[in-house]
Amino acid sequence: MFNYDANLCTLVVDGRFITGFDEGAMVSAAKDEESFSVKVDAQGKPIISETNNPLGTITTTLSQTSPSYAYLMQKAKSTQEFPIWVTYAGEPAEKAGGTRARIKKTPDKEFANEAGGREFVFQVFDYTEE
């Protein structure tokens, strides 16, 4: 039987560990397209086309008081690519990310009676999963 521990999950952006996540989901990672598509010819035979799209998306939500917020804002305003990796060191171990990524835009801001979240969406140009 396996136990999940959120402390075993790390998000590393350009060599820096990101901290100060908002409540709820810390980070999500997904390939942007399916690995293949299928169409069926007039005689009922399937034709499989491999998708060669290497893009993926990683999303994280930080608390607006996060010590990593200013760092990711700086990255969001930059045009330089950087590596990003999400790693879960528990069982089963998982890793997703790539060596070439950018933040799509600065996060929306909402101010309320409690500290809000700031969502960062990373486009990964060479997305891979292990």
Asks: Rounded to the nearest 0.5 Å, what's the gap from NZ on Lys75 to CG on Asp14? Could you check?
Replies: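 Between atom NZ of Lys75 and atom CG of Asp14 there are 3.5 Å.
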Asks: How many angstroms lie between CZ in Phe36 and CD1 in Ile47, if you round to the nearest 0.5 Å?
Replies: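 Output value for this atom pair is 14.0 Å.
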Asks: Mind listing the closest non-hydrogen atom pair of Asp126 and Gly98 along with its distance?
Replies: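 Closest pair (atom of Asp126, atom of Gly98, distance): OD1-CA, 3.3 Å.
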Asks: Quick check for you: to the nearest 0.5 Å, what is the distance between Leu11 atom CG and Phe120 atom CZ?
Replies: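 Answer rounded to 0.5 Å: 11.0 Å.
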Asks: Applying side chain to side chain donor-acceptor pair (under 3.5 Å), which residue pairs with at least one partner in residues 36-53 are found, sequence neighbours left out?
Replies: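 Side chain to side chain donor-acceptor pair (under 3.5 Å) check on residues 36-53 returns Glu33-Asn53.
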Asks: Output all residues satisfying side-chain hydrogen bond (donor to acceptor under 3.5 Å, both in side chains) with Glu81, sequence neighbours left out; order by chain, then residue number.
Replies: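 Glu81 satisfies side-chain hydrogen bond (donor to acceptor under 3.5 Å, both in side chains) with Arg100 only.
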Asks: My understanding is that only residues two or more places apart in sequence, or in another chain, count here; which of them pass ring pair (Phe, Tyr, Trp, His ring centres under 6.0 Å) with Tyr4?
Replies: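 Result, ring pair (Phe, Tyr, Trp, His ring centres under 6.0 Å) vs Tyr4: Tyr88.
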Asks: Hey, what do you get for CZ (Phe82) to CZ (Phe122), rounding to the nearest 0.5 Å?
Replies: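 Taking CZ in Phe82 and CZ in Phe122, the distance rounds to 5.5 Å.
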Asks: Step through the shown structure and confirm whether more than 12 heavy atoms of other residues, nucleotides or ligands are within 6.0 Å of NZ on Lys109.
Replies: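 Atom NZ in Lys109 is packed in, count exceeds 12.
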Asks: Would you kindly check if the NZ (Lys) or CZ (Arg) of Arg118 is within the cone defined by 45 degrees around the ring axis of Phe111 and under 6.0 Å from the six-membered ring centre?
Replies: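 Arg118 over Phe111 ring: yes.
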Asks: Please report the interatomic distance OG1(Thr10) to CH2(Trp85), rounded to the nearest 0.5 Å.
Replies: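 Between atom OG1 of Thr10 and atom CH2 of Trp85 there are 11.5 Å.
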Asks: First locate atom CD of Glu119, then atom OG1 of Thr106, and finally report the distance between them rounded to the nearest 0.5 Å.
Replies: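 It is 12.0 Å, given to the nearest 0.5 Å.
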Asks: Where is the tightest heavy-atom contact between Thr65 and Ala115, given as atom of each residue plus distance?
Replies: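 For Thr65 versus Ala115, the nearest heavy atoms are CG2-CB, 4.4 Å.
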